[in-house]
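Here the structure comes first, spelled out in structure tokens, and everything after it is commentary.
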Amino acid sequence: MKTKGNGGSTFIASGVKVQGDFASEGDVVIEGAVTGNVAATGDITISETATIDADVTANNAHISGRIKGSVRIEGTAELTQTAIIEGDIETHRLIVAGGARINGKLTMPDASGSVARVEHEEEPA
Amino acid sequence: MYCYIYDDFVQDRKYEKELASIENRITDLGLTGKIVRLALFRNADETIKKEVGRGVKTVVVVGNDATVHKVVDAVVDSGAVLALIPVGEPTVLAKVLGIPRGVDACDALSQRIIEEIDVGRINGHRFITGVGFPKGAFHVRNGDAWEMAPKKRGSLEIRNLAVQAPRSAEDISNPTDALLDVVIETQERSGWRQKSEETRIPLNRFDVYYEHPVTVLADGAEVEGEVFHIDIEKTALHTIVGRDRLFNT
């Protein structure tokens with residue numbers, strides 16, 4: 001049984017939990033809880049309220065929630081200050097805001113074209 | 001050639017004047033055809049199949065969403081074009097297809113803009129608009145891949161177009177993408193207030209499980225069950241739409 005995406009967004013709100021391997025052919029926004037692998041051919045947004053207990057694969061990622069598993073991103077992975085990743089990250093481009101937590105190995109396969117940048121929060125005057 | 005299916009409720013006296021105006025307009029536009037009046041024990045399927053066999057190309061439903069539900073099997077199976085003249089309520093399908101009420105619907109019929117749209121199936125029953133489920137404990141399962149459930153009680157809709165009269169374009173699904181939108185509404189606390197949240201996932205085949213038997217509404221018609229198998233037939237229905245249809249393809 002195959003799940004087909006229409007290129008439109010899949011949205012999983014915070015009041016919903018998913019168990020199993022979830023795949024989408026479009027963009028995905030997760031605010032709820034997922035226990036299982038998440039794969040999106042489009043971009044993925046993992047909001048502050050989201051928890052994912054397994055691996056995440058996507059084109060680009062904007063992560064503010066908690067992931068307990070490895071993250072593999074084709075393009076850019078952007079971690080905001082509330083992001084917590086307990087697992088390895090593989091991505092071509094990484095943007096990390098101050099406060100984000102990563103407990104795992106970071107791999108950036110295409111070193112020549114990649115940019116790793118750490119954005120520090122400014123100290124209040 | 002046209003075949004007009006009148007639901008039994010439109011034969012009520014309160015629709016007499018509206019019906020007379022519609023019939024006059026149909027005559028003026030040269031769109032006359034055989035009229036079949038549905039009755040309690042009259043099977044529309046056999047009648048429609050017989051009329052299509054005699055050369056009818058367009059089946060015109062004169063009634064509401066439930067009237068469409070009564071004929072959708074026969075229309076899809078026969079390959080005829082479906083047209084609507086909305087009379088009574090609810091008429092969500094006509095609204096989304098851009099078909100105005102009463103006499104003006106006859107003009108949409110004569111303009112003959114045809115779209116091919118998907119048709120959903122729930123436990124073998126076809127539906128065009130969508131399915132409304134009661135609030136309760138349920139889960140949605142996508143084969144062996146995953147299952148999803150609201151953390152607390154939530155409500156569920158399956159949309160091919162729209163289940164209720166749409167409030168905005170976001171409430172209307174694309175009926176030509178071979179996908180049904182699974183929409184779960186949950187309530188979350190936000191400070192002192194409860195706010196409504198909507199989960200939306202496009203799927204083409206899935207099952208819905210309830211903890212006890214429930215009655216759901218598919219195109220306004222009741223379907224009972226505890227487990228519901230749902231899938232979609234891609235562009236199975238040819239239907240006449242108005243210029244002001246609300247869905248995008």
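Letters A, B, ... are given to chains in the order of the sequence lines, protein chains preceding strands, and every chain is numbered from 1.
A side chain to side chain contact (heavy atoms under 4.5 Å, CB included) with B:Ile128 is found for one member of B:Val75, B:Val68, B:Val76 and no other, namely B:Val68.
Proximity to chain A (any heavy atom under 4.5 Å) is shown, for B:Glu147, by both the backbone and the side chain. Only the backbone of B:Glu198 comes within contact range of chain A, with at least one heavy atom under 4.5 Å from a heavy atom of that chain. Contact of B:Thr199 with chain A is made through backbone and side chain together, with heavy-atom distances under 4.5 Å.
Electrostatic pairing of A:Arg66 and A:Glu86 counts as a salt bridge here, judged by a charged N lying under 4.0 Å from a carboxylate O.
The line from CD of A:Glu78 to CG of A:Leu94 is 9.5 Å long, rounded to the nearest 0.5 Å.
At least one cation-pi condition fails for B:Arg121 and B:Phe127: the charged atom is not both under 6.0 angstrom from the six-membered ring centre and inside a 45 degree cone around its axis.
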